[in-house]
Enquirer: 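I'd like to ask some things about the structure below.
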Amino acid sequence: MFSRTLKIAALCAAVLVTSVAIAASAIAQTYPAQPIKVLIGFGPGSAADILARLVGKQMEVSLGQPIVVENRPGNSSMIAAETVARAPADGYTLFMATIANTLNPAETKSNFNLGRDLAPIALLGIVPNVLVAHPSVPASNLQELIALAKSEPESLTFGSSGYATASYMAAALFNANAGTKILAAPYQGGSNQAVSDLLSGRITLMFNVAATLAPHVAAGKLKAFAVAQSKRASIMPDVPTLAEAGMPGYDAGIWIGLLAPAGTPPAIIEKLSGAANDALITQEVRTALKRQGTDPVGGTPKEFADFIRADIEKWAAVLASSNPRK
């Protein structure tokens, strides 16, 4: 009797698994049946906004439905993130996340968790940061800069676009890896004033977007030491990575990726991921991204999930060991 019960239970389980597989297949075949909305936590013209529109346009070809980009700036993009997390898990409301969403939990200890509340689709691109200095800094390479920072720490300052922003955290990670204590100089109004003060020599160092700083480096107004990601930046191919320059394992690129509400059916996630990856390999998208200084990435939902988990843990540790709020 017991054996018969086990056989019946096993049969029921097999039927359930088969039913779920059939339902998932049906969802994938009928999705999408209406336009898809992508929320951006920053304004028009931002790197995330441009990437969303470029990739979205190509995804429309694969999916057969319009991709509607909606800008909802505020609270370092957390408003948009939380809006998507509360949306129906049906694949019709997506979020374009950035490094800001892995930095924010470290700073605010918000209940929102990117890895838990949203389902990764694909890591789309990296916007390279580059470490630059005012020409007056008496160092010609990374090792000389570190030696200077240790011998004359008061002579150097790291400008940034505000406390716990990508540029601030890149500098904090540099200090942690190099064993230096270069003073942080956060600019609460954003990076424009910091770049202006760097060009005038009021501050001496900064991590910032390579596309923004490349013209100043080319003109000799700034000197570049290294890019802050694991691979060289396509917009500054002659500048080594920090790892190549002597700081193994350093990676602080500004990433951008696509996510859906947690609980979105895996079949839909896979379909969206495939469309996003297909978009990234088109010549139109790659050319446009290179022009604006963004390096395309791509990959599977699992790879992106692992990336997000590691990024959250990394920045929480860096913030805990960095200088207190300035």
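Heads up: numbering here begins at 1 and tracks the sequence.
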Enquirer: Determine whether a donor-acceptor pair (N or O, by modelled atom type, separation under 3.5 Å) exists between the side chain of T264 and the backbone of P261.
Expert: yes
Enquirer: Is there a path of hydrophobic side-chain contacts, each under 4.5 Å between heavy atoms of I/L/V/M/F/W/Y residues, joining I254 to V227?
Expert: no
Enquirer: Between G115 and I312, which heavy-atom pair has the shortest distance, and what is it?
Expert: N-CD1, 4.3 Å
Enquirer: If we ignore hydrogens and angles and just use 3.5 Å, is the side chain of T287 paired with the main-chain N or O of Q283 as donor and acceptor?
Expert: yes
Enquirer: Would you say the side-chain atoms of N129 and N208 include a donor-acceptor pair closer than 3.5 Å?
Expert: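 Judged by distance alone, the side chains do not pair up.
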Enquirer: Quick one, K57 and I67 - any side-chain contact, counting heavy atoms below 4.5 Å?
Expert: no
Enquirer: Under the 3.5 angstrom rule, does the side chain of K223 hit a backbone N or O of V137 as a donor-acceptor pair?
Expert: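 Side chain of K223 to backbone of V137, a donor-acceptor pair under 3.5 Å: yes, one is there.
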Enquirer: Are any side-chain N or O atoms of Q143 and backbone N or O atoms of A245, one a donor and one an acceptor, separated by less than 3.5 Å?
Expert: yes
Enquirer: Could you give the distance from OG (S191) to CG (D197), rounded to the nearest 0.5 Å?
Expert: 12.0 Å
Enquirer: Can a side-chain donor-acceptor contact be found between D295 and Q229 if the only test is distance below 3.5 angstrom?
Expert: yes
Enquirer: Could you give the distance from NZ (K314) to CZ (R309), rounded to the nearest 0.5 Å?
Expert: 15.0 Å
Enquirer: Is a side-chain N or O of T294 found less than 3.5 angstrom from the main chain of G125, in a donor-acceptor match?
Expert: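 Such a contact is absent between T294 side chain and G125 backbone.
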Enquirer: Closer than 3.5 angstrom, by distance alone: can the side chain of E313 be matched with the main-chain N or O of A310 as a donor-acceptor pair?
Expert: no
Enquirer: Going from CG on N277 to CG on L124, what distance comes out if it is rounded to the nearest 0.5 angstrom?
Expert: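 Going from the CG atom of N277 to the CG atom of L124 covers 8.0 Å.
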Enquirer: I'd like to know whether L205 forms a side chain to side chain contact (heavy atoms under 4.5 Å, CB included) with L145, so could you lay out the CA-CA distance, the side-chain angles of the two residues, the decisive distance to 0.1 Å, and finally the verdict.
Expert: CA-CA 10 Å; L205 299 167; L145 178 64; 4.0 Å; yes
Enquirer: Between E60 and Q65, does any side-chain donor sit less than 3.5 Å from a side-chain acceptor?
Expert: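 Side chains of E60 and Q65: no pair found under 3.5 Å.
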Enquirer: Near K221 NZ, under 6.0 Å, is it more than 12 heavy atoms from other residues, nucleotides or ligands?
Expert: no
Enquirer: With the side chain counted from C-beta on, respond yes when V84 and L94 share a heavy-atom pair under 4.5 Å apart, and no when they do not.
Expert: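 No, too far: nothing below the 4.5 Å cut-off.
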Enquirer: Do R53 and D49 have side chains that approach each other closer than 4.5 Å (heavy atoms only, starting at C-beta)?
Expert: yes
Enquirer: Locate the shortest heavy-atom distance separating P301 from S273; write the atom from each residue and the value.
Expert: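 What the structure gives for the nearest pair is CD-OG, 3.5 Å.
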Enquirer: Given H134 and L199, is the side chain to side chain contact (heavy atoms under 4.5 Å, CB included) satisfied, shown in steps?
Expert: CA-CA 6 Å; H134 187 268; L199 290 167; 5.9 Å; no
Enquirer: Is the side chain of N75 donor-acceptor paired with the backbone N or O of M78 at a distance under 3.5 Å, no angle test?
Expert: no
Enquirer: Of the non-hydrogen atoms in W315 and D251, which two are nearest, and what is the gap between them?
Expert: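 Nearest heavy atoms, W315 then D251: CZ2-O, 4.3 Å.
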Enquirer: Nearest 0.5 Å please: distance from the CG atom of D90 over to the CD1 atom of I268.
Expert: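 So the CG of D90 and the CD1 of I268 are separated by 6.5 Å.
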Enquirer: Decide yes or no for F207 and T165: does some side-chain heavy atom of the first lie under 4.5 Å from some side-chain heavy atom of the second?
Expert: no
Enquirer: What heavy-atom pair brings A224 and V130 nearest, and what distance separates the two atoms?
Expert: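 Shortest heavy-atom separation between A224 and V130 comes out as CB-CG2, 4.1 Å.
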Enquirer: Do you reckon V38 sits in the same ILVMFWY cluster as L123, going by side-chain contacts under 4.5 Å, direct or chained?
Expert: yes
Enquirer: Can you tell me how far CG of L198 sits from NE2 of H216, rounded to the nearest 0.5 angstrom?
Expert: 8.5 Å
Enquirer: Please round to the nearest 0.5 Å and tell me the distance separating atom CD of E82 and atom CG of L118.
Expert: 9.5 Å
Enquirer: Given side chains that start at C-beta, do those of V55 and M59 come closer than 4.5 Å, heavy atoms only?
Expert: yes
Enquirer: Is L280 linked to I269 within one hydrophobic cluster, defined over Ile, Leu, Val, Met, Phe, Trp and Tyr using a side-chain heavy-atom separation of less than 4.5 Å?
Expert: yes
Enquirer: Under 3.5 Å, side chain of S160 to main-chain N/O of S167, donor-acceptor pair present?
Expert: no
Enquirer: Please determine whether the number of non-hydrogen atoms from other residues, nucleotides or ligands lying under 6.0 Å from atom CZ of R202 exceeds 12.
Expert: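 For R202, atom CZ is not crowded (no more than 12 foreign heavy atoms under 6.0 Å).
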Enquirer: Shared ILVMFWY cluster between L131 and M206, side chains joined below 4.5 angstrom?
Expert: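 No, no single cluster joins them.
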Enquirer: Sequence neighbours left out, what pairs pass ring-ring contact (aromatic ring centres under 6.0 Å, His included) with at least one residue falling in residues 56-99?
Expert: Y31-Y92
Enquirer: Evaluate side chain to side chain contact (heavy atoms under 4.5 Å, CB included) for S155 paired with L148, printing each intermediate quantity in order.
Expert: CA-CA 8 Å; S155 68; L148 176 65; 4.3 Å; yes
Enquirer: Taking all heavy atoms of T241 and all of R232, pick out the closest pair and write down the distance.
Expert: CG2-N, 3.5 Å
Enquirer: Please name the pair of heavy atoms, one in N71 and one in G43, separated by the smallest distance, quoted to 0.1 Å.
Expert: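 That closest heavy-atom pairing would be ND2-C, 3.5 Å.
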Enquirer: Are Y168 and F158 an aromatic pair, judged by ring center distance below 6.0 Å?
Expert: no
Enquirer: Could you tell me whether the side chain of M96 reaches within less than 4.5 Å of the side chain of L39, counting heavy atoms only?
Expert: no
Enquirer: Yes or no on side chain to side chain contact (heavy atoms under 4.5 Å, CB included) for I146 and M247, after CA distance, side-chain angles and deciding distance?
Expert: CA-CA 10 Å; I146 292 173; M247 194 173 284; 4.1 Å; yes
Enquirer: Flag the pair P153 / K181 as yes when at least one side-chain heavy-atom distance between them is below 4.5 Å, and no otherwise.
Expert: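 Heavy-atom side-chain distance check fails, nothing below 4.5 Å.
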Enquirer: Listing request: all ring-ring contact (aromatic ring centres under 6.0 Å, His included) pairs with a residue in residues 271-306, at least two apart in sequence or in separate chains.
Expert: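 For residues 271-306, and leaving out neighbouring residues, the ring-ring contact (aromatic ring centres under 6.0 Å, His included) pairs sorted by first residue read W255-F304.
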Enquirer: Would you say L289 and E284 make side-chain contact, with heavy atoms under 4.5 Å?
Expert: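 In short, these two side chains do not touch, never coming nearer than 4.5 Å.
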Enquirer: When you measure from the side chain of N175 to the backbone N and O of I182, does any donor-acceptor pair fall under 3.5 Å?
Expert: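 Side chain of N175 to backbone of I182, a donor-acceptor pair under 3.5 Å: yes, one is there.
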Enquirer: Take atom NZ of K231 as the centre, draw a 6.0 Å sphere, and report whether it contains more than 12 heavy atoms from other residues, nucleotides or ligands.
Expert: no
Enquirer: Tell me whether Y163 shares a hydrophobic cluster with V195, the cluster being built from Ile, Leu, Val, Met, Phe, Trp, Tyr side chains joined at under 4.5 Å.
Expert: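 Not linked; separate clusters.
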Enquirer: May I ask you to decide if A97's main-chain N or O and N101's side chain share a donor-acceptor pair within less than 3.5 Å?
Expert: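 Flag not set: sc N101 to bb A97 has no pair under 3.5 Å.
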Enquirer: Looking at E70 and R72, is any side-chain nitrogen of the basic one under 4.0 Å from a carboxylate oxygen of the acidic one?
Expert: yes
